[in-house]
Number of protein chains: 2
Amino acid sequence: MSDLQRPVFFVSDGTGITAEMLGHSLLSQFEGVPIEQIVVPFVDSVEKAHQCRAQIDEARRRTGSRPVVFTTLVNADVRGILSGADCLFLDFFESFIDPLEAEFGTRSSHTIGRSHSAGDRKEYQERIESINYALSHDDGLTDRDLESADVILVGVSRSGKTPTCLYLALQFGVKAANYPLIPEDFERDRLPGAVSAFVPKLYGLTIVPERLSEIRNERRPGSKYASIDNCRNEIARAEDLMRRHGIRMMNSTTRSIEEIATKIIQDVRISRRVY
Amino acid sequence: MSDLQRPVFFVSDGTGITAEMLGHSLLSQFEGVPIEQIVVPFVDSVEKAHQCRAQIDEARRRTGSRPVVFTTLVNADVRGILSGADCLFLDFFESFIDPLEAEFGTRSSHTIGRSHSAGDRKEYQERIESINYALSHDDGLTDRDLESADVILVGVSRSGKTPTCLYLALQFGVKAANYPLIPEDFERDRLPGAVSAFVPKLYGLTIVPERLSEIRNERRPGSKYASIDNCRNEIARAEDLMRRHGIRMMNSTTRSIEEIATKIIQDVRISRRVY
């Protein structure tokens, strides 16, 4: 056994994002195995397949360890060139296309680059509109057109609202605004005026004070804003305010952006515009 | 055969995003088959498995058509409950974990929710920093700290710069700024001053005039800005300017956000911070 990292390739005739995502979800089950990741997108010709094959062969020689190759390849010629390498070749496309053809009683089109292509113009437009909406309604930038929001995230500064709104827009075509809860709101003991008319659309993000203090200290080291006492106080008052208004709330501390976004869609029962 | 839509489920003990993505890439090969998509995330207990099973059974009865179930389930009990339904059950996890265990010579941890979890704090932070960078450097908002950019996208208004920068940040942890090329730049026949010092980091997006006019007309119907003549002129001059400065250029017209972002990473040889 070599103690070098195991080379792991993600190869696709498209972006490779699907191959990568599935590969990651499998590899996350083998935490102790050191790996070196190589993404090779747009392998859509025999020529590019040979180039990619050379990369795999080179990694085999260099590390002395058999590469793992995750692929979603539609073209059988391209697949043939790569699968001939000395590697563990895991092809997602080939494994599942046959049972689907049998189930649907029809042949697949074997067209490359269908996934993540801009084919559906309506979906594309919904995505772009949602992104523009998230940008113009970030951090309480405007009170206009809040009635078009699918959801309005509220929470203290740095609780994860902005990345979540952007992800909701990009991945799901969901229109998400976000509005900060700030010390002035706690003093007045009221929700910000702009969002108080939209309580059913509100969704709260909260976070443990220690983590919030850590995040804020990266931006403004040693500030009162970042101090653990201030974070504790802001969070307690924000949670109290949200609870009294019956606003759903999620603790974002240990969740990824993907998990937060997915749970919001599930909780609020938003209709996604993009699949 | 029923002419109702075929129910397609994406079931996961996590977000379901991986199951969905692979499912979509497979289903895109069967364009003629009408489907109804149901995403069921966070199926991480026997109880939730039974609820999900009831949904699958209900869809079977309602449509008279056998559901297709794409899953990435780690837990064998949960999987057992679902796979017993009258459906085409395609499990990505089970199909690939055995060959990986054999290859690595180690058992997988069978831990749920590993994919898309916030486990890697460094990666999470890189992502957040990149998102903040994209937001503060959108549309030429600031000239500061452009030297930290991995790439600076340039192009006429509405050529796809903003969604691409956000996607680069969210998906890959890449720091991407963007700067518009506007009529004043064409009159002066020069790159905007702020970016002219960073030509090696510049990457141009261009688009066919007809599509640009369409997009601009949605925002400002009937304006000179959106007119086909103006779009033709702006694009010709922008392309000319970029060409003379040796700036790499991509036509975004028929490409998805994912494709544009992936191709930029490949062309510029950016080191991703997030996998």
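Just so it is clear: chains get the letters A, B, ... in the order the sequence lines come, proteins before strands, and each one is counted from 1.
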So [Y] and [X], do their side chains get closer than 4.5 Å, heavy atoms only?
X: A:Leu166; Y: B:Leu135; answer: yes
X: A:Leu88; Y: B:Phe104; answer: no
X: A:Ile257; Y: B:Ile128; answer: yes
X: B:Ile17; Y: A:Phe172; answer: yes
X: A:Met21; Y: B:Gln171; answer: yes

Engaged part of [X] at the chain A interface, taking heavy atoms whose separation is under 4.5 Å:
X: B:Asp139; result: neither
X: B:Gln266; result: side chain
X: B:Leu100; result: both

Determine whether the aromatic ring centres of B:Phe96 and A:Phe70 lie less than 6.0 Å apart.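 Between B:Phe96 and A:Phe70, the centre distance exceeds or equals 6.0 Å.
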
What are the two closest heavy atoms between A:Ser28 and B:Ser109, and how far apart are they?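 Looks like O-OG, 4.4 Å.
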
Which heavy-atom pair separates A:Leu170 from B:Pro163 by the least distance, and what is that distance?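 Shortest heavy-atom contact: CD2-O, 4.3 Å.
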
Pairing of B:Arg107 and A:Glu31 as salt bridge, 4.0 angstrom limit: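 Salt bridge flag = no for A:Glu31 with B:Arg107.
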
Atom pair [atom1] ([X]) and [atom2] ([Y]), whose distance is rounded to the nearest 0.5 Å:
X: A:Gln125; Y: B:Glu214; atom1: CD; atom2: CD; answer: 8.0 Å
X: B:Thr15; Y: A:Ile265; atom1: OG1; atom2: CD1; answer: 10.5 Å
X: A:Tyr124; Y: B:Ser256; atom1: OH; atom2: OG; answer: 8.5 Å
X: A:Ser25; Y: B:Leu22; atom1: OG; atom2: CG; answer: 9.5 Å

Selection from [options] maximising heavy-atom pairs under 4.5 Å formed with chain A:
options: B:Glu129, B:Arg127, B:Lys263; value: B:Arg127
options: B:Arg219, B:Glu20, B:Arg211; value: B:Arg211
options: B:Glu103, B:Arg66, B:Glu218, B:Gln37; value: B:Glu103
options: B:Val40, B:Leu26, B:Ile131; value: B:Leu26

Of the backbone (N, CA, C, O) and the side chain (C-beta and beyond), which part of [X] lies under 4.5 Å from a heavy atom of chain B, both, or neither?
X: A:Ile97; value: both
X: A:Phe42; value: side chain
X: A:Thr106; value: both

Indicate whether any N or O donor in one side chain lies under 3.5 Å from an N or O acceptor in the other, for B:Glu101 and A:Gln29.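 No, A:Gln29 and B:Glu101 have no side-chain donor paired with an acceptor closer than 3.5 Å.
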
